[in-house]
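Below: one structure, written as structure tokens.
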Amino acid sequence: MASTTIQVPRETRDHLAELAKERGMSIGLLVAALAEEQPTAAQRAERLAADRDVVRRVIGVDIGDEEFEQAPDVLGNIYKIAAEKVRAARDTAA
């Protein structure tokens with residue numbers, strides 16, 4: 001695999017070097033691992049399309065992308081409910 005040089009501030013380089021050392025890898029491998037963890041917009045769109053296709057197959061209904069966009073944010077709502085319960089529990093304990 002060909003490599004290239006990336007210019008970053010010295011502080012950033014030192015931080016990356018320390019993180020790499022802690023993980024027992026080179027800075028190059030660390031940067032590659034960090035990049036793999038962050039999908040591009042195109043990769044996220046591809047994943048979303050694949051996930052929607054799975055939902056369509058599993059439930060056996062052809063749901064359009066517009067319909068998916070109008071659907072409620074189930075996971076977001078679960079987070080809101082959980083946060084409300086945590087706040088209520090703190091208020092009760094106080």
Side-chain angles (χ1 to χ4, degrees):
M1 173 172 73
S3 62
T4 189
T5 301
I6 300 173
Q7 293 186 357
V8 297
R10 180 169 284 126
E11 296 80 21
T12 301
R13 185 214 49 211
D14 293 346
H15 184 79
L16 290 170
E18 185 64 27
L19 291 172
K21 181 180 176 184
E22 290 174 359
R23 290 168 174 81
M25 60 176 54
S26 68
I27 293 176
L29 288 175
L30 174 68
V31 170
L34 293 172
E36 286 178 18
E37 292 175 5
Q38 302 299 316
T40 64
Q43 290 168 325
R44 288 190 305 272
E46 196 174 292
R47 176 63 190 260
L48 178 62
D51 289 346
R52 288 178 175 181
D53 286 342
V54 168
V55 170
R56 290 177 181 116
R57 281 195 311 271
V58 169
I59 66 173
V61 177
D62 187 20
I63 299 173
D65 286 338
E66 300 80 26
E67 293 168 304
F68 271 109
E69 295 300 326
Q70 295 172 358
D73 179 6
V74 176
L75 185 57
N77 289 336
I78 290 170
Y79 287 145
K80 287 177 190 174
I81 292 167
E84 289 169 7
K85 289 188 177 281
V86 167
R87 281 192 293 273
R90 285 185 190 154
D91 291 345
T92 304

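Computed over heavy atoms, backbone and side chain alike; hydrogens, waters and symmetry mates excluded.
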Does atom OH of Y79 have more than 12 heavy-atom neighbours, drawn from other residues, nucleotides or ligands, at distances under 6.0 Å?
no

Could you tell me whether R47 and D51 make a salt bridge, using a distance below 4.0 angstrom between a side-chain N and a carboxylate O?
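Salt bridge between R47 and D51, a charged N being under 4.0 Å from a carboxylate O: yes.
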
Separation between [atom1] of [X] and [atom2] of [Y], rounded to the nearest 0.5 Å:
X: I63; Y: D53; atom1: CD1; atom2: CG; answer: 11.5 Å
X: L16; Y: E18; atom1: CG; atom2: CD; answer: 11.0 Å
X: R52; Y: E69; atom1: CZ; atom2: CD; answer: 4.5 Å
X: T12; Y: H15; atom1: OG1; atom2: NE2; answer: 8.5 Å
X: D65; Y: R56; atom1: CG; atom2: CZ; answer: 5.0 Å
X: E46; Y: T40; atom1: CD; atom2: OG1; answer: 8.0 Å

Passes side chain to side chain contact (heavy atoms under 4.5 Å, CB included), V55 versus F68? Steps please.
CA-CA 10 Å; V55 170; F68 271 109; 3.9 Å; yes

Test D14 against E11 for side chain to side chain contact (heavy atoms under 4.5 Å, CB included), laying out the working first.
CA-CA 5 Å; D14 293 346; E11 296 80 21; 5.7 Å; no

I'd like to know if the side chain of R44 reaches the main chain of P39, judged simply by a donor and an acceptor atom lying under 3.5 Å from each other, with no hydrogens or angles considered.
yes

